[in-house]
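Here the structure comes first, spelled out in structure tokens, and everything after it is commentary.
In this chain, numbering begins with 1 at the start of the sequence shown. As the structure is a prediction and not an experimental result, all values here were calculated from the model.
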Amino acid sequence: MYQTVVKLKKGQGRTLKAGGMWIYDNEIDTITGDFQEGDVVSVWDFDGYCMGCGFLNTRSRIAVRMLSRQKDAVIDQAFLEQRVRDAWEYRRQAVDTSCCRLIFGEADFLPGIVVDKFSDVLVVESLALGIDRWKKVIVEAVKKVLAQEGIVIRGVYERSDAKVRLQEGMERSKGFMGEPFDTKVEIVENGVKYMVDVEDGQKTGFFLDQKGNRAAISRFCRGKRVLDCFTHTGSFALNAGMAGAESVLGVDASALAVEQARENARLNHLEDRVRFQCEDVFELLPRLEQEGQQFDVVILDPPAFTKSRSSVKNAVKGYREINMRGLRLVREGGFLATCSCSHFMDPDLFAKTIREAATGARRRLRQVEFRTQSCDHPILWAADQSYYLKFYIFQVVSER
């Protein structure tokens with residue numbers, strides 16, 4: 001048991017007791033003992049019952065991030081290495097580990113850190129002060145565990161450049177962890193080749209969480225005309241092309257992303273059937289509608305329109321608008337794939353928004369499938385922050 005003790009107010013800690021991983025600052029009654037921000041502390045309920053231990057950071061609204069429910073847990077190198085081993089063992093059984101998320105923060109009981117594997121390169125994102133102190137230990141543990149499987153890592157790159165670090169009282173950080181290396185990495189996912197830019201690509205360089213969803217939509221694309229909106233580096237578009245689509249148009253507002261998508265199309269010899277256009281999707285879709293364009297498959301994979309609860313109302317308007325516009329471009333009997341990657345856009349609200357969009361577009365939907373993030377991004381029940389991606393496939397139908 002750690003000497004510094006965080007004691008909860010009476011009636012607080014309900015989420016923690018249900019299996020959650022966070023304690024907010026307004027749930028804390030007292031903090032006794034000397035500590036530095038980021039230290040491991042013991043957590044007690046109001047009546048003195050020990051609830052485990054976690055990292056403390058009073059600068060953050062998330063004051064404690066839990067590490068263990070065990071009263072006598074010791075957070076050291078051996079403890080963290082076991083956490084890494086557990087995370088790897090799960091991935092080894094569940095996914096293709098040539099490229100995958102090896103550590104997914106709270107869902108792997110390592111709060112605030114993400115480690116992605118792209119072939120023989122690791123990308124690390126550290127978002128919390130407590131875990132930031134241990135990130136090098138965790139990276140070395142990952143390399144050790146992988147080496148025992150015969151997997152040699154040639155380089156590690158840190159992408160701890162998200163704004164959320166500022167809320168933890170940390171600076172944003174980006175760069176090599178160890179010797180420099182070529183940061184353009186070729187990977188293969190679902191049989192599609194990609195050149196991943198771990199230094200300058202979005203987030204950690206590539207969105208691994210849609211792996212299964214990209215495969216799921218592919219079966220509807222053979223011989224079809226496909227529109228992929230917010231294509232980023234072209235992943236859904238390229239999966240459609242590899243599945244035998246007649247033609248694919250991928251659209252993104254980022255010139256850099258579009259150029260990377262074109263490079264990926266060339267890498268897969270798909271440039272004759274898969275083309276990319278740099279344009280704002282919200283401006284393009286109304287124009288396509290005016291031109292009378294129709295597609296067999298429309299894919300909507302927008303960025304998170306909200307990253308806080310306070311902006312959810314505006315996000316709903318954005319999701320409603322983009323889905324209504326997208327639906328109007330789907331040919332009768334065709335398919336719409338639509339998703340939200342915002343944690344704050346909960347499943348019920350997202351479903352309601354799509355329903356309203358269908359009404360506005362005068363389209364009737366038949367749900368084909370509902371999916372979430374790839375299983376290398378596991379959802380830890382009661383830890384809501386680990387569940388964020390909602391993905392629907394619909395057929396657009398009418399009664400005859």
Side-chain angles (χ1 to χ4, degrees), residues 1-90 102-115 124 126-142 144-145 160 164-165 167-170 378-386:
M1 188 182 300
Y2 288 87
Q3 296 303 308
T4 302
V5 173
V6 170
K7 188 175 180 180
L8 302 182
K9 296 176 182 175
K10 187 174 182 178
Q12 295 298 322
R14 293 186 184 91
T15 302
L16 177 65
K17 293 167 187 175
M21 297 288 289
W22 293 350
I23 298 171
Y24 290 96
D25 54 1
N26 60 2
E27 297 183 284
I28 294 174
D29 184 15
T30 60
I31 302 174
T32 57
D34 297 329
F35 69 92
Q36 293 183 341
E37 303 292 359
D39 280 356
V40 181
V41 298
S42 292
V43 177
W44 290 6
D45 204 356
F46 74 97
D47 58 2
Y49 177 80
C50 183
M51 304 178 72
C53 63
F55 293 126
L56 173 65
N57 184 1
T58 62
R59 302 171 189 164
S60 172
R61 184 165 175 259
I62 305 168
V64 179
R65 297 172 188 257
M66 296 298 290
L67 285 159
S68 174
R69 303 296 175 121
Q70 302 301 314
K71 178 180 179 180
D72 298 320
V74 177
I75 310 306
D76 57 11
Q77 182 174 339
F79 177 93
L80 295 172
E81 184 176 314
Q82 187 58 53
R83 285 280 196 260
V84 169
R85 287 188 183 280
D86 292 343
W88 167 252
E89 181 61 21
Y90 164 70
L102 284 184
I103 295 175
F104 184 41
E106 280 74 358
D108 287 305
F109 307 106
L110 287 168
I113 193 166
V114 163
V115 179
V124 180
S126 170
L127 301 175
L129 179 60
I131 205 76
D132 200 67
R133 293 185 180 179
W134 291 92
K135 66 187 174 188
K136 292 182 179 179
V137 172
I138 292 169
V139 167
E140 290 305 311
V142 171
K144 176 182 177 180
V145 169
S160 301
V164 70
R165 279 176 64 95
Q167 298 172 18
E168 290 278 311
M170 299 187 291
I379 298 169
L380 181 65
W381 279 34
D384 291 343
Q385 60 275 7
S386 66

Exceeds 12 heavy-atom contacts within 6.0 angstrom, atom [atom1] of [X]:
| X | atom1 | answer |
| --- | --- | --- |
| Trp88 | CH2 | yes |
| Lys9 | NZ | yes |
| Gln70 | CD | no |
| Gln3 | CD | no |

So, for [X] and [Y], which heavy atoms are closest and what is the spacing to 0.1 Å?
| X | Y | answer |
| --- | --- | --- |
| Arg69 | Gly19 | NH2-C, 3.4 Å |
| Ser386 | Pro378 | CB-O, 3.9 Å |
| Ile28 | Ala63 | CD1-CB, 3.6 Å |
| Gln36 | Asp39 | N-OD2, 2.8 Å |
| Ala87 | Ile103 | CB-CG1, 4.3 Å |
| Ser42 | Met1 | OG-CG, 3.2 Å |

Any side-chain heavy-atom pair from [X] and [Y] closer than 4.5 angstrom?
| X | Y | answer |
| --- | --- | --- |
| Val84 | Ile138 | yes |
| Tyr2 | Val74 | yes |
| Asp45 | Lys17 | yes |
| Cys53 | Ile75 | yes |
| Asp108 | Asp86 | no |
| Asp132 | Arg165 | yes |
| Phe55 | Ile131 | yes |
| Thr58 | Ile31 | yes |

[atom1]-[atom2] distance between [X] and [Y], expressed to the nearest 0.5 angstrom:
| X | Y | atom1 | atom2 | value |
| --- | --- | --- | --- | --- |
| Thr30 | Trp44 | OG1 | CH2 | 9.5 Å |
| Phe109 | Met66 | CZ | CE | 11.5 Å |
| Ile379 | Asp384 | CD1 | CG | 10.0 Å |
| Thr15 | Tyr24 | OG1 | OH | 7.5 Å |
| Glu140 | Trp134 | CD | CH2 | 14.0 Å |
| Tyr90 | Leu102 | OH | CG | 12.0 Å |

Can you sort out the partners of Arg83 under side-chain hydrogen bond (donor to acceptor under 3.5 Å, both in side chains), two or more places apart, ordered by chain and number?
->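 side-chain hydrogen bond (donor to acceptor under 3.5 Å, both in side chains) check on Arg83 returns nothing, list empty.
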
With a 4.0 Å cut-off, would you call Lys10 and Asp29 a salt bridge?
->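 Answer for the salt bridge query: no.
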
State whether Arg85 and Glu81 are salt-bridged, where the test is any N-O pair (Lys NZ or Arg NE/NH1/NH2 against Asp/Glu carboxylate O) under 4.0 Å.
->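 Counted as a salt bridge, because a side-chain N and a carboxylate O are separated by less than 4.0 Å.
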
With Asp34 via side chain to side chain contact (heavy atoms under 4.5 Å, CB included) - residues at least two apart =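 Side chain to side chain contact (heavy atoms under 4.5 Å, CB included) check on Asp34 returns nothing, list empty.
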
Who are the side chain to side chain contact (heavy atoms under 4.5 Å, CB included) partners of Glu106, not counting sequence neighbours?
->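 Only Met21, Trp22, Arg65, Pro111, Gln385 meet the side chain to side chain contact (heavy atoms under 4.5 Å, CB included) criterion with Glu106.
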
Take Ile113 and Lys135 through the test side-chain contact (heavy atoms from CB on, under 4.5 Å) and record every step on the way to the result.
-> CA-CA 8 Å; Ile113 193 166; Lys135 66 187 174 188; 4.0 Å; yes

Please answer whether the main-chain N or O of Arg59 pairs with a side-chain N or O of Glu168 as donor and acceptor at a distance below 3.5 Å.
->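 No.
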
Pair Leu16-Glu27, side-chain contact (heavy atoms from CB on, under 4.5 Å): steps then yes or no = CA-CA 11 Å; Leu16 177 65; Glu27 297 183 284; over 6 Å; no

